[in-house]
Amino acid sequence: VQLQASGGGLVQAGGSLRLTCAASERSVRTHNMAWFRQAPGKEREFVAALRSGGGSTKYADSVKGRFTISRDSAKNTVYLQMNSLKPEDTAVYYCAADSPPVAVYSALDNERVYDYWGQGTQVTVSS
């Protein structure tokens, strides 16, 4: 599975961005999908996940209520809608796929369960 992330950019605090992750094969409905991010000098961290099939979601506490992960199976695409952005959201954002989906819900925030990664897209939030 090849993943192509896009949609990053420069935005002012309080603004919004929508990231897109396009998958090369099979429907995104058949993978567990996730977004992670890595800020300069920091470890990569979990942002949001979307489970295969029924599509239950999981979010990091730092983005709950501000970010929404969703998918469009017809377009083979996963989105991350980011609202009320803060300077601390500045990072390179990566999409990832667990395919075939083996992770249980509690493990969706663990980067080790993801087999495929996109190239990353830079999000910069100015204060």
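A quick note: this is a predicted structure, and the numbers were derived from the prediction, not measured.
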Between Y59 (side chain only) and I69 (backbone N and O only), is there a donor and an acceptor less than 3.5 Å apart?
yes
Of all heavy-atom pairs between R71 and R51, which one has the smallest distance, and what is that distance?
NH1-O, 3.1 Å
At their closest point, which heavy atom of S126 faces which heavy atom of L10, and how far apart are they?
CB-CD1, 4.4 Å
For D98 and A103 the tightest heavy-atom approach is OD2-N, 3.0 Å
I'd like to know whether L85 forms a side chain to side chain contact (heavy atoms under 4.5 Å, CB included) with F67, so could you lay out the CA-CA distance, the side-chain angles of the two residues, the decisive distance to 0.1 Å, and finally the verdict.
CA-CA 9 Å; L85 282 161; F67 290 11; 3.8 Å; yes
Would you give the length of the straight line joining atom OG of S127 to atom CD of Q12, rounded to the nearest 0.5 angstrom?
9.5 Å
Could you see if V113 belongs to whatever hydrophobic cluster contains F36? Use Ile, Leu, Val, Met, Phe, Trp, Tyr and a side-chain cutoff under 4.5 Å.
yes
What is the minimum heavy-atom distance between P100 and D115, and which atoms define it?
O-OD2, 4.4 Å
If Ile, Leu, Val, Met, Phe, Trp and Tyr residues are connected whenever their side-chain heavy atoms lie under 4.5 Å apart, and connections chain through other members, are Y79 and V92 in the same group?
no
Closest non-hydrogen atom pair between Q81 and N83, with its separation:
NE2-OD1, 2.9 Å
Output for pair (L3 CG, T77 OG1), nearest 0.5 Å, gives 10.5 Å
May I ask you to test the E111-W117 pair for a side-chain heavy-atom distance under 4.5 Å?
yes
Q38 side chain vs A91 backbone, donor-acceptor pair below 3.5 Å:
no
Test item: S99 side-chain N/O and A97 main-chain N/O as donor-acceptor pair under 3.5 Å
no
On a heavy-atom basis, the closest approach of V123 and G8 is CG2-CA, 4.1 Å
Do you reckon V125 sits in the same ILVMFWY cluster as Y93, going by side-chain contacts under 4.5 Å, direct or chained?
yes
Does E88 have more than 12 heavy atoms from other residues, nucleotides or ligands lying within 6.0 Å of its CD?
yes
Is there side-chain contact between R37 and E45, with at least one heavy-atom pair below 4.5 Å?
yes
According to a 4.5 Å side-chain heavy-atom criterion applied to Ile, Leu, Val, Met, Phe, Trp and Tyr, with indirect links allowed, do M33 and Y94 form part of one hydrophobic cluster?
no
Is any side-chain heavy atom of S27 less than 4.5 Å from a side-chain heavy atom of N76?
yes
Does K64 come within less than 4.0 Å of D61, counting only side-chain N to carboxylate O?
yes
Hey, does T30 have a side-chain heavy atom less than 4.5 Å from the side chain of S52?
no
Value rounded to 0.5 Å, distance of CZ in R66 from OG in S16
10.0 Å
Going by side chain to side chain contact (heavy atoms under 4.5 Å, CB included), L50 matches just one of V28, T68, T57. Which one?
T57
Would you say that V1 contacts H31 through its side chain, given a criterion of any heavy-atom pair below 4.5 Å between the two side chains?
yes
The reported gap from OG in S24 to CD in Q4 (rounded to nearest 0.5 angstrom) is 10.0 Å
Under a 4.5 Å side-chain heavy-atom rule over Ile, Leu, Val, Met, Phe, Trp and Tyr, are L17 and W35 clustered together?
yes
Ignoring hydrogens and angles, tell me if any N or O in the side chain of Y116 forms a donor-acceptor pair with the backbone of C95 under 3.5 Å.
no
